Amino acid sequence: LLKIQKSLPKQSGFTLVELMVSLTLFTIVVLAAVSSLYTVNNASRKVQAMRSVIDNLNFGLESMSRTIRTGNMVVCGGVANTSSLDPIVSASPNCPFQSQSPGTKLLIDSTLGTDQLVEYQIVKPNGTGVIQKRTREGSIWSNWIDITAPEINVQNLSFYVNGASSSDTVQPNVMIFVQGVAVAGSETAPFAIQTYLSQRAVE
């Protein structure tokens with residue numbers, strides 16, 4: 001009897017070494033992708049936190065700017081630089097930029113809502129500077145309230161006022177300089193803001 005031996009087709013496949021190499025490469029690629037995703041996500045959270053802090057600062061400055069623009073009277077140096085509040089009388093309400101002697105307080109006769117006086121100042125109770133505001137309705141002053149968040153360290157707040165005197169022909173205007181550091185977690189971002197405001201009412 002003749003035995004006919006059929007040749008079986010060779011089956012191709014991966015060796016154990018090839019599988020291990022492929023698995024190692026796949027693991028490295030996945031770890032790199034996850035690490036990149038974590039880095040991007042962490043950076044995004046930091047940016048969002050810093051944006052929230054800066055938005056708070058912008059809100060406070062915009063509130064101050066609106067009060068100044070629509071006010072009737074402005075005095076550099078605040079209440080301490082007045083001899084009367086009903087009406088406001090000040091011997092030297094101006095502190096022009098040329099004098100290089102800015103004020104750290106500002107008093108405004110506000111027209112927003114009910115007629116009231118508004119005063120701004122900078123304080124550094126624990127080494128961290130904050131901008132504060134208080135209002136006077138009738139003859140009663142409110143308590144000072146912070147208009148900047150604790151994450152904002154205001155290191156310098158300067159007011160320059162020109163044209164506030166009723167005896168001149170200059171339209172009242174105010175220059176504000178704010179400098180400090182914004183803190184969001186472990187991230188810090190220094191900032192310096194300068195703005196020029198002119199009162200809307202014609203003097």
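Remember, it's a predicted structure, so these values are computed and weren't measured experimentally. Residue numbers count from 1 along this sequence.
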**OP:** Return each pair, listed once, that meets disulfide bond (SG atoms under 2.5 Å apart) where at least one residue sits in residues 19-101; pairs must be two or more places apart or across chains.
**Re:**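 Residue pairs passing disulfide bond (SG atoms under 2.5 Å apart), neighbours aside: Cys76-Cys95.
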Subject >> side chain to side chain contact (heavy atoms under 4.5 Å, CB included) involving Ser92 - partner list, sequence neighbours excluded >> reply: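 In terms of side chain to side chain contact (heavy atoms under 4.5 Å, CB included), with neighbours along the sequence ignored, Ser92 is linked to Asn81.
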Subject >> Pairs satisfying salt bridge (Lys or Arg N to Asp or Glu O under 4.0 Å), at least one member in residues 140-156, at least two apart >> reply: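 For residues 140-156: none.
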**OP:** Specify the closest pair of heavy atoms between Gln116 and Glu137, including all atoms of both residues, with the distance to one decimal.
**Re:**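 Minimum heavy-atom contact is OE1-OE2, 3.2 Å.
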Kindly say whether [Y] contributes a backbone atom to a donor-acceptor pair with the side chain of [X] at under 3.5 angstrom?
{"X": "Thr135", "Y": "Val118", "result": "no"}
{"X": "Ser84", "Y": "Pro87", "result": "yes"}
{"X": "Asn94", "Y": "Pro96", "result": "no"}
{"X": "Thr82", "Y": "Val79", "result": "yes"}

Original post:
In the hydrophobic cluster built from side-chain contacts under 4.5 Å, what are the other members alongside Val21?
Top reply: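 Taking Ile, Leu, Val, Met, Phe, Trp and Tyr as members, Val21 shares its hydrophobic cluster with Val17, Leu25.
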Original post:
Is Tyr38 isolated, or which residues cluster with it under the ILVMFWY side-chain rule of less than 4.5 Å, directly or via members?
Top reply: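 Listed partners: none, Tyr38 stands alone.
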Original post:
If you look only at pairs with a residue in residues 117-128, which of them pass as a side chain to side chain donor-acceptor pair (under 3.5 Å), with sequence neighbours excluded?
Top reply: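 Only Thr67-Tyr120, Lys105-Gln121, Glu119-Arg134, Gln121-Gln132 qualify under side chain to side chain donor-acceptor pair (under 3.5 Å).
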Original post:
Which pairs count as side chain to side chain donor-acceptor pair (under 3.5 Å) when at least one residue sits in residues 49-61, sequence neighbours excluded?
Top reply: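 Listed once each, the pairs are Arg51-Asp55.
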Give a yes or no on whether [X] and [Y] share a hydrophobic cluster (residues Ile, Leu, Val, Met, Phe, Trp, Tyr; joining criterion: side-chain heavy atoms under 4.5 Å apart).
{"X": "Leu197", "Y": "Ile193", "value": "yes"}
{"X": "Met64", "Y": "Leu112", "value": "no"}
{"X": "Phe159", "Y": "Ile152", "value": "yes"}
{"X": "Leu57", "Y": "Val53", "value": "yes"}
{"X": "Ile88", "Y": "Val161", "value": "no"}

Enumerate donor-acceptor pairs with a distance under 3.5 Å from any side-chain N or O in residues 26-36 to protein atoms, sequence neighbours excluded.
| unit_1 | atom_1 | unit_2 | atom_2 | d |
| --- | --- | --- | --- | --- |
| Thr27 | OG1 | Leu23 | O | 2.8 |
| Ser36 | OG | Ala32 | O | 3.0 |

Original post:
Of Val75, Ile68, Leu157, which is the lone residue that meets side chain to side chain contact (heavy atoms under 4.5 Å, CB included) with Leu106?
Top reply: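 Testing Leu106 for a side chain to side chain contact (heavy atoms under 4.5 Å, CB included) against Val75, Ile68, Leu157 leaves exactly one candidate, Ile68.
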Would you tabulate the side-chain donor-acceptor contacts of residues 172-184 under 3.5 Å, counting partners in other chains and residues two or more places apart, or write 'none'?
| unit_1 | atom_1 | unit_2 | atom_2 | d |
| --- | --- | --- | --- | --- |
| Asn173 | ND2 | Asn162 | O | 3.4 |
| Asn173 | ND2 | Gln171 | O | 2.9 |

**OP:** Please list, chain by chain and in numerical order, all residues satisfying ring pair (Phe, Tyr, Trp, His ring centres under 6.0 Å) with Phe97, sequence neighbours excluded.
**Re:**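 With sequence neighbours excluded, Phe97 shows a ring pair (Phe, Tyr, Trp, His ring centres under 6.0 Å) to Tyr160, given in chain and number order.
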Just verifying a value: how many Å separate [X] [atom1] and [Y] [atom2], rounded to the nearest 0.5 Å?
{"X": "Met73", "Y": "Thr111", "atom1": "CE", "atom2": "OG1", "answer": "14.5 Å"}
{"X": "Ser142", "Y": "Lys133", "atom1": "OG", "atom2": "NZ", "answer": "8.5 Å"}
{"X": "Arg66", "Y": "Ser110", "atom1": "CZ", "atom2": "OG", "answer": "9.5 Å"}

Original post:
Between Arg136 and Asp86, is there a salt bridge with N-O shorter than 4.0 Å?
Top reply: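 Yes, charged N to carboxylate O under 4.0 Å.
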Original post:
Pairs in or reaching into residues 41-74: which pass ring-ring contact (aromatic ring centres under 6.0 Å, His included), with residues at least two apart or in two chains?
Top reply: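 Non-adjacent pairs meeting ring-ring contact (aromatic ring centres under 6.0 Å, His included): zero.
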Original post:
Do Leu107 and Leu117 have side-chain heavy atoms sitting under 4.5 Å apart?
Top reply: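 With C-beta onward as the side chain, the pair touches.
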Original post:
For Ile145, does the CD1 atom sit with more than 12 other heavy atoms under 6.0 Å from it, leaving out its own atoms?
Top reply: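 More than 12 within 6.0 Å, yes.
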Original post:
Partners of Glu187 by side chain to side chain donor-acceptor pair (under 3.5 Å), sequence neighbours excluded?
Top reply: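 By the side chain to side chain donor-acceptor pair (under 3.5 Å) rule, Glu187 matches Lys46.
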